[in-house]
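Structure first, commentary second.
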Amino acid sequence: MGLWSFWLILGVGFLIAELLTMSTTCLYVGTGALAAMVAALLGGEWLVTIVTFVVFTGLLYVSTYRWRHRLVKALNKGSEHGATGMDALIGRTGIVFQAPDCLRMRIDGDVWQVRPSKRDMPILPGEEVRVVGYESIILAVEAV
């Protein structure tokens, strides 16, 4: 078995794993392994193929870092599972109430600190709001 076939098997394995996970991480590693396979086919030894693999995977990750979130969202478009974690709160509505230190709202029994999504549109206690985003654990809301 040639060196190129090792990288081919590794690359195809990671690309299959990407199809199952849709996380883009396996896509980067699988593509890096295929680049290392090309280096092996061009006569590169182990060290050359390993360097090609690391460099290509790293460059691919760095070059796509800014739009990776959109890529993951596009890959998961139409999937059967819904949003989880903080993303599951986006679109939810509730009534704002005043706590001693800040505005808060209750969603499914949990109390969340909220802030207006736009500074020029204040939110008042008793107002119904919709979650439009979040920063850390503070929800960004706007009036319904």
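Criterion: ILVMFWY side-chain heavy atoms under 4.5 Å apart, direct or through other members. Under it, Ile138 and Val129 are not part of a common hydrophobic cluster. Residues Tyr134 and Val111 are members of separate hydrophobic clusters, defined by side-chain heavy-atom contacts under 4.5 angstrom among Ile, Leu, Val, Met, Phe, Trp and Tyr. Linking Ile, Leu, Val, Met, Phe, Trp and Tyr whenever their side-chain heavy atoms come within less than 4.5 Å puts Ile50 and Leu41 in one cluster. Val132 is not connected to Ile95 by any chain of hydrophobic side-chain contacts under 4.5 Å among Ile, Leu, Val, Met, Phe, Trp and Tyr, and they are in different clusters. Note on Leu59 and Phe14: separate hydrophobic clusters, where clusters join Ile, Leu, Val, Met, Phe, Trp and Tyr whose side-chain heavy atoms are under 4.5 Å apart, directly or indirectly.
When side chains are defined from C-beta on, Phe53 counts as touching Val29, because their heavy atoms get closer than 4.5 Å. For the pair Leu15 and Leu19, the minimum side-chain heavy-atom distance is 4.5 Å or more. Considering only heavy atoms from C-beta on, Met105 stays 4.5 Å or farther from Thr93 through its side chain. For the pair Ile107 and Val131, the minimum side-chain heavy-atom distance is below 4.5 Å. Contact check for Phe97 versus Val114: no side-chain heavy atoms found under the 4.5 Å cut-off. Residues Val96 and Arg104 have side chains not in contact (no heavy-atom distance under 4.5 Å, counting atoms from C-beta outward).
Here the shortest heavy-atom pairing between Gly32 and Phe56 reads CA-CD2, 3.7 Å. Taking every heavy atom of both residues into account, Pro125 and Leu103 meet most closely at CG-CD2, 3.9 Å. Between Met86 and Ser136, the shortest heavy-atom distance links the atoms CE-O, 3.5 Å. Across Ile123 and Ala143, no two heavy atoms sit closer than the pair CD1-N, 3.9 Å. Shortest non-hydrogen contact noted between Gly2 and Ser5 is O-OG, 2.6 Å. Shown here for Pro122 and Pro116, the closest heavy-atom pair between the two residues is CA-CG, 4.4 Å.
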Evaluate the criterion side chain to side chain contact (heavy atoms under 4.5 Å, CB included) for residue pair Leu139 and Arg92; output intermediate values, then yes/no. CA-CA 11 Å; Leu139 303 179; Arg92 302 290 301 270; over 6 Å; no
CA sep, side-chain torsions, deciding dist, call: Thr25, Tyr61, side chain to side chain contact (heavy atoms under 4.5 Å, CB included): CA-CA 8 Å; Thr25 303; Tyr61 180 80; over 6 Å; no
Please step through side chain to side chain contact (heavy atoms under 4.5 Å, CB included) for the pair Leu89 and Trp112, ending with a clear verdict. CA-CA 10 Å; Leu89 298 175; Trp112 296 90; 3.5 Å; yes
Go through it in stages, so that I can follow the logic: the residues are Leu42 and Val48, the test is side chain to side chain contact (heavy atoms under 4.5 Å, CB included), and I'd like the CA-CA distance, side-chain angles, deciding distance and then a yes or no. CA-CA 10 Å; Leu42 294 173; Val48 173; over 6 Å; no
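In this structure, Leu20 places its CG atom where more than 12 heavy-atom neighbours from other residues, nucleotides or ligands lie under 6.0 Å away.
With rounding to the nearest 0.5 angstrom, the CG atom of Leu27 is 5.0 Å from the CD atom of Glu18. The distance from atom CG of Leu34 to atom OG1 of Thr57, rounded to the nearest 0.5 Å, is 9.5 Å. A distance of 11.0 Å separates CZ of Arg106 from CG of Asp108, quoted to the nearest 0.5 Å. Note: Met37 CE to Leu3 CG = 11.0 Å, rounded to the nearest 0.5 Å.
Between the side chain of Thr49 and the backbone N or O of Trp46, at least one donor-acceptor pair lies under 3.5 Å.
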